[in-house]
Amino acid sequence: MKDLIATAARILHHARHPIFLSGAGISAESGIPTFRGSEGLWKNYRAEELATPEAFARDPHLVWQWYNWRKERIAQCKPNPAHYAAAELKKLLPELLCVTQNVDGFHALAGLSEVLEMHGNIYRTRCLSCKTVTENRTEITPTTPCPACGKVPLRPDVVWFGEILPRQVMDVIYARLQIADAILVVGTSGTVYPAAGFAVEVRRRRGTVIEINTDAAHRPYADDIYLHGKAGEILPAIVDELRRLS
Ligand code: BV8
């Protein structure tokens with residue numbers, strides 16, 4: 001593993017247009033359940049059944065119950081060494097484009113301000129009537145009025161399955177994918193698109209894919225650098241190695 005970490009650090013150090021992509025696994029050591037791990041269910045629902053416009057239209061109370069439960073759970077957790085290491089990585093590699101699929105806001109909380117939250121943020125709500133987006137850390141129900149126009153309902157300001165991703169975010173990511181020579185993928189099952197396609201695109205352009213994941217069954221491609229283990233341990237080790245190279 002030590003050699004792999006040194007190789008990963010060297011590749012990132014020499015990369016001209018690297019990308020960092022994180023998924024729910026980077027927050028697992030903070031105590032936030034991942035989506036597809038054993039603890040990923042809520043009341044026996046899967047994320048794909050609740051994180052959709054159809055589910056919200058059908059039962060906004062149930063969907064808001066799920067988001068309120070997650071907001072409360074996240075509020076009891078804090079960023080872990082992997083989040084802080086990601087912020088250090090950005091300082092050591094100013095060119096690094098940082099993207100997260102997570103909506104917990106932990107990258108920003110750990111000091112990585114320039115992170116693209118491609119699936120939105122659980123602590124923001126959006127009014128279905130006037131589209132106003134507000135920060136909100138309290139419990140929301142389908143009858144909570146919009147602070148701007150007073151109408152209901154509000155929805156979580158996240159991207160649901162079947163919804164398109166924020167254009168301005170995707171434009172930046174797709175532009176980088178045209179020139180990316182390395183991508184560091186941390187704690188994602190690679191099952192949700194378009195994020196799951198980013199490593200494929202980097203590989204297609206002969207870039208290097210470096211993955212950190214605890215799942216031994218995770219099928220890396222032969223030419224990937226697969227670091228099997230916890231993000232909270234491996235990411236800080238890559239940062240230490242990078243510091244030696246810098
Ligand atoms: C879209 C926000 C246009 C909400 C989320 C192409 C092919 C097939 C399907 C599609 C496609 N294009 C679009 C789709 C449909 C769909 C999709 O991908 N479906 C999947 C289920 C097949 N995609 C969409 O609808 C996207 N929209 O593309 O618009 C379009 C639309 C329709 C049709 C065509 C085009 C929108 C997707 C966004 C959905 N919103 N979240 C919320 O959070 O409430 S996705 C949700 O899953 C989270 O954001 C989460 O981050 C994300 C991905 O999951 P992971 O992060 O990977 O988490 P997971 O639990 O799966 O894995 C954790 C990993 O960590 C594991 O591998 C584990 O081993 C590892 N791990 C655990 N602990 C650690 C660790 N690793 C390291 N250290 C540890 N300690």
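Whatever order the structure lists ligands and atoms in, that order sets their numbers, starting from 1. Every value quoted in this text rests on a predicted model; they were computed, and no experiment measured them.
Protein heavy atom closest to atom 10 (C) of ligand 1, with residue, atom name and distance, is Y193 CB, 3.9 Å. Nearest non-hydrogen protein atom to atom 41 (N) of ligand 1 is H119 ND1, 3.8 Å. Nearest to atom 29 (O) of ligand 1 among the protein's heavy atoms is E163 O, 3.0 Å. Of the protein's heavy atoms, T188 OG1, 2.6 Å lies nearest to atom 57 (O) of ligand 1. Nearest non-hydrogen protein atom to atom 3 (C) of ligand 1 is I164 CG2, 4.0 Å. Scanning all protein heavy atoms for the shortest distance to atom 54 (O) of ligand 1 gives R36 NH1, 2.7 Å. Atom 43 (O) of ligand 1 has as its closest protein heavy atom R70 NH2, 3.0 Å. Looking only at heavy atoms of the protein, atom 20 (C) of ligand 1 is closest to T191 O, 3.4 Å.
In terms of N/O distances under 3.5 Å, ligand 1 is approached by N213. Ligand 1 has a nitrogen or oxygen under 3.5 angstrom from a nitrogen or oxygen of E29. At least one N or O atom of V159, backbone or side chain, sits closer than 3.5 Å to an N or O atom of ligand 1.
With ligand atoms numbered from 1 in the order given, ligand 1 contributes 60 (O) to contacts under 4.0 Å with heavy atoms of T34. Close approach of ligand 1 to A231 is summarised as follows: ligand atoms under 4.0 Å from at least one heavy atom of the residue are 77 (C), 78 (N), 79 (C). Interface of K230 with ligand 1, defined as ligand atoms under 4.0 Å from a residue heavy atom, comprises 78 (N). With ligand atoms numbered from 1 in the order given, ligand 1 contributes 28 (O) to contacts under 4.0 Å with heavy atoms of P194. Annotation for ligand 1: atoms under 4.0 Å from non-hydrogen atoms of G25 are 63 (C), 65 (O), 71 (N), 72 (C), 73 (N), 74 (C), 75 (C), 78 (N), 79 (C), 80 (N). Near A24, with a cut-off below 4.0 Å to any heavy atom, the atoms of ligand 1 are 55 (P), 56 (O), 58 (O). Atoms of ligand 1 found under 4.0 Å from any heavy atom of G23 (numbered from 1 in listed order, with element): 56 (O). For ligand 1, the atoms sitting less than 4.0 Å from at least one non-hydrogen atom of D215 are 69 (O), numbered in the order shown with element in parentheses.
Within the 4.0 Å cut-off (strictly below), a protein heavy atom is located near atom 63 (C) of ligand 1. Atom 33 (C) of ligand 1 is not flagged as protein-proximal [any protein heavy atom, distance under 4.0 Å].
The hydrophobic cluster containing L165 also contains V169, counting ILVMFWY residues as joined when their side-chain heavy atoms lie under 4.5 angstrom apart, directly or transitively. Under the 4.5 Å side-chain heavy-atom criterion for ILVMFWY residues, a single connected hydrophobic cluster contains both I32 and L50. Cluster membership for F106 and Y123, using ILVMFWY side-chain heavy atoms within less than 4.5 angstrom, is shared.
Rounding to the nearest 0.5 Å gives a distance of 11.0 Å between CD1 of I173 and CZ of R176.
Of the possible donor and acceptor atoms, none in the side chain of D223 sits under 3.5 Å from a partner among the backbone N and O of T208. Without hydrogens or angle criteria, K151 side chain to C146 main chain gives no donor-acceptor distance under 3.5 Å.
Residues Y45 and W66 place their aromatic rings such that the two centres sit no closer than 6.0 Å.
Which of W66, W160, Y67, F161 comes nearest to atom 21 (C) of ligand 1 through a heavy atom is settled by distance: it is F161. Nearest-residue assignment for atom 76 (N) of ligand 1 (options A51, P33, G187; heavy-atom criterion): G187. The closest heavy-atom contact to atom 71 (N) of ligand 1, among the options T214, I32, V158, comes from T214.
Between W160 and F56, the ring planes are tilted. Angles from 30° to 60° get that label. Note on ring orientation: taking the six-membered ring where Trp is involved, the planes of Y67 and W64 are perpendicular (angle over 60°, cut-offs 30° and 60°).
A donor-acceptor pair shorter than 3.5 Å cannot be found between the side chains of N136 and T125.
Residues D240 and R244 are not paired through a salt bridge, judged by the lack of any N-O separation under 4.0 Å between the basic side chain and the carboxylate. A salt bridge does not link K230 with E29: every distance from a Lys NZ or Arg NE/NH1/NH2 to an Asp or Glu carboxylate oxygen is 4.0 Å or more.
Judged by the shortest distance from any of its heavy atoms, G162 lies inside the 4.0 Å radius around the atoms of ligand 1. Residue contact check for ligand 1: G229 places a non-hydrogen atom closer than 4.0 Å to it.
Under a cut-off of 6.0 angstrom, the local environment of CD in E163 is crowded, with over 12 non-hydrogen atoms contributed by other residues, nucleotides or ligands. More than 12 heavy atoms of other residues, nucleotides or ligands lie within 6.0 Å of CD1 in I179, so this atom counts as buried by the packing criterion.
Contacts with ligand 1 closer than 4.0 Å are made by no heavy atom of I122, backbone or side chain.
At a threshold of 4.5 Å between non-hydrogen side-chain atoms, the residues K78 and L109 do not count as touching.
A pairwise comparison of heavy atoms in A110 and P79 identifies CB-CB, 3.9 Å as the closest pair.
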